[in-house]
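Heads up, the thing below is written out as C-alpha cells.
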Amino acid sequence: AQSVSQHNHHVILSEAASLELGCNYSYGGTVNLFWYVQYPGQHLQLLLKYFSGDPLVKGIKGFEAEFIKSKFSFNLRKPSVQWSDTAEYFCAARLAGGGADGLTFGKGTHLIIQP
Amino acid sequence: GAVVSQHPSRVICKSGTSVKIECRSLDFQATTMFWYRQFPKKSLMLMATSNEGSKATYEQGVEKDKFLINHASLTLSTLTVTSAHPEDSSFYICSARASGIETQYFGPGTRLLVL
C-alpha cells in the first residue's frame with residue numbers, strides 16, 4: 001500500500017537553528033514528492049516539489065529538500081529557521097504522471113520556533 | 001497564484017441533517033478537484049477525486065452515498081454530507097488543479113461539527 005511517513009510529530013527549535021524534517025515514502029513505482037506548509041489559521045501552501053532531475057530541490061522561504069531514491073526519503077531542510085516558520089509541515093506523494101491523482105499525506109510535523 | 005475558496009468555513013448541524021460544502025476555484029478552471037478529510041492531530045486523507053462532468057471516484061472505505069460529490073462546472077465542486085452523525089465531525093479540505101498543471105491548490109477548509 002502507498003504510504004508516507006513523517007518521523008517527527010513535534011519539533012521545537014530556537015530561532016537561527018537548523019531544521020531537518022524527515023519524510024519517507026513507500027510506493028510501487030516512481031513518485032512525485034511534495035512538502036506543504038500550513039500556517040496557523042491558513043490553508044495548505046506548497047513549499048516545494050520534486051518530479052525529476054536534480055534531487056536537491058529549492059523551494060520558497062529558504063526551504064530545500066533532497067530526494068534520496070535509495071533511502072526512499074525526501075527530507076525538508078532549512079539552514080536557519082525564523083519564528084515565522086512556526087507551522088504544520090506535511091510531506092505528500094503520488095505516483096509520477098498521476099496529475100489527476102490525489103495525494104497521500106504524511107501525518108504532519110508541528111514545528112514551533114521559540115524566539 | 002491560484003486561489004481556491006470553500007464555503008462555509010465552519011458549520012454546526014444536528015445529527016440526521018445534511019450539509020453541503022462548496023469548493024470554488026476563483027481564478028482558474030479546475031478540471032479536477034479533490035476532497036480530503038483531516039482528523040485532529042492526523043494527516044489529510046483523500047476521500048474522492050472529482051472530474052468535471054463525470055462521476056467522482058471514491059477512495060476505499062469512503063461511502064459514496066454518504067458523501068455526495070458533484071462537480072457541475074469547471075469552477076465548482078460540492079460535497080454533501082448526508083444524514084450527518086457526530087462521527088462525521090471533521091475538517092474537510094478541497095483542492096483543485098487545472099488541466100495540464102501538476103500542482104494542486106488547496107482551499108482553507110470547512111470545519112463540520114455534528115451535534
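Here is the naming used below: chain letters follow the sequence lines, and residue numbers restart at 1 for every chain. Only a predicted model underlies this, so the values are computations on that prediction, with no experimental measurement involved.
Around the OH atom of A:Y27, the shell of radius 6.0 Å holds more than 12 heavy atoms that belong to other residues, nucleotides or ligands. In this structure, B:H7 places its NE2 atom where only 12 or fewer heavy-atom neighbours from other residues, nucleotides or ligands lie under 6.0 Å away.
B:T49 places no side-chain N or O within 3.5 Å of a backbone atom of A:D101 that could act as its donor or acceptor partner. At least one donor-acceptor pair under 3.5 Å links the side chain of B:Y36 to the backbone N or O of A:L103.
The part of A:L46 that comes within reach of chain B is its side chain, from C-beta onward, which places non-hydrogen atoms under 4.5 angstrom from that chain. Contacts of B:Q38 with chain A are made by side-chain atoms alone, with heavy-atom separations under 4.5 Å and no backbone atom involved.
Linking ILVMFWY side-chain heavy atoms closer than 4.5 Å, directly or via other members, places A:L111 and A:Y39 in a single hydrophobic cluster.
Partners of A:T86 according to the side-chain hydrogen bond (donor to acceptor under 3.5 Å, both in side chains) rule, which considers only residues two or more places apart in sequence or in another chain, do not exist here.
Minimum heavy-atom separation, A:F105 to B:S43: CB-OG, 2.9 Å. Scanning both residues, B:F106 and A:H43, for their nearest heavy atoms gives O-CD2, 3.4 Å.
In this structure, B:F39 and A:K107 have side chains that are not in contact, with every pair of non-hydrogen atoms separated by 4.5 Å or more.
A:Q38 contributes atom CD, which lies 5.5 Å from atom CD1 of B:I93 (distance to the nearest 0.5 angstrom).
Ranked by heavy-atom pairs under 4.5 Å with chain B, the first of A:G41, A:G108, A:A92, A:G106 is A:G106.
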